[in-house]
Amino acid sequence: IFLDRAVRNWESEGLTNITGVQGGLKEGYPSGAPFDLVIVNGAVPELSVGLINQLVPGGRLIVILKKPGEAMGQATLVERHGGDFSSRALFEAGCPYVPGFEPAPAFVF
């Protein structure tokens, strides 16, 4: 429902170069790559090299990195520079993990 609404909104604004993807996203969307910008709508426990590798050189990934057990994460901007990447925290943000990106349960003493 949310993706359908987003597509209608993009179309009404004349935005034709956006691809919305729904489903198991841990591997990203390699058949549509490379991308200039990827926005992950939720938190992940660690950066996905698979998603970063789907960016064009100079491409950006926006994601919330949230450590397991933490209430808040860091909205993070990742930029690809050839085969390397850099990241920087932008601000604190709280949201649930993206389905499929939840951290594995672990024993804590």
Side-chain angles (χ1 to χ4, degrees):
I1 290 177
F2 292 117
L3 183 56
D4 294 335
R5 185 179 306 157
V7 170
R8 285 193 306 274
N9 288 339
W10 297 331
E11 289 172 351
S12 72
E13 294 296 323
L15 303 172
T16 59
N17 62 345
I18 298 174
T19 300
V21 179
Q22 182 175 336
L25 300 178
K26 197 144 192 152
E27 293 78 31
Y29 188 55
S31 64
F35 300 103
D36 294 311
L37 174 65
V38 173
I39 300 172
V40 178
N41 190 20
V44 299
E46 59 189 16
L47 288 176
S48 167
V49 176
L51 289 178
I52 294 167
N53 286 335
Q54 292 177 35
L55 296 172
V56 298
R60 296 159 296 161
L61 167 69
I62 299 173
V63 64
I64 297 173
L65 294 174
K66 185 167 79 168
K67 295 178 183 174
E70 298 283 326
M72 298 294 285
Q74 293 288 321
T76 304
L77 172 64
V78 180
E79 294 181 274
R80 183 173 180 184
H81 310 282
D84 297 322
F85 66 92
S86 64
S87 66
R88 64 183 165 109
L90 302 174
F91 52 87
E92 284 192 345
C95 67
Y97 288 103
V98 174
F101 284 87
E102 301 93 345
F107 176 78
V108 177
F109 189 67

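Residues take their numbers from the sequence shown, with the count starting at 1.
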Same apolar cluster: [X] and [Y], side chain cutoff 4.5 Å:
| X | Y | result |
| --- | --- | --- |
| Leu90 | Leu37 | yes |
| Phe91 | Leu77 | yes |
| Val78 | Ile64 | no |
| Ile39 | Leu3 | no |

- Message: Tell me whether the count of non-hydrogen atoms from other residues, nucleotides or ligands lying under 6.0 Å of CG in Asn41 goes above 12.
- Response: no
- Using side-chain contact (heavy atoms from CB on, under 4.5 Å) as the criterion, list what pairs up with Thr16, not counting sequence neighbours.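 Result, side-chain contact (heavy atoms from CB on, under 4.5 Å) vs Thr16: none returned.
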- Item | Which residues share a side-chain contact (heavy atoms from CB on, under 4.5 Å) with Glu92, sequence neighbours left out | Met72, Gln74
If you look only at distance, which donor and acceptor atoms sit under 3.5 Å apart when one is on a side chain in residues 46-62 and the other is two or more places apart or in another chain?
| residue | atom | partner | partner atom | Å |
| --- | --- | --- | --- | --- |
| Ser48 | OG | Gly50 | N | 3.4 |
| Ser48 | OG | Leu51 | N | 3.2 |
| Asn53 | ND2 | Val49 | O | 3.3 |
| Gln54 | OE1 | Tyr29 | N | 2.9 |
| Gln54 | NE2 | Glu27 | O | 2.6 |
| Gln54 | NE2 | Gly50 | O | 3.3 |

- Counterpart residues, side-chain hydrogen bond (donor to acceptor under 3.5 Å, both in side chains), relative to Ser12 (two or more places apart): none
Please list, one pair per line, the donor and acceptor atoms closer than 3.5 Å that link side chains of residues 94-106 to other protein atoms, with sequence neighbours excluded.
| residue | atom | partner | partner atom | Å |
| --- | --- | --- | --- | --- |
| Tyr97 | OH | Lys66 | O | 2.9 |
| Tyr97 | OH | Lys67 | O | 3.2 |
| Glu102 | OE1 | Gly100 | N | 2.9 |

- Can you list every side-chain hydrogen bond (donor to acceptor under 3.5 Å, both in side chains) pair that touches residues 81-90, not counting sequence neighbours? His81-Ser86
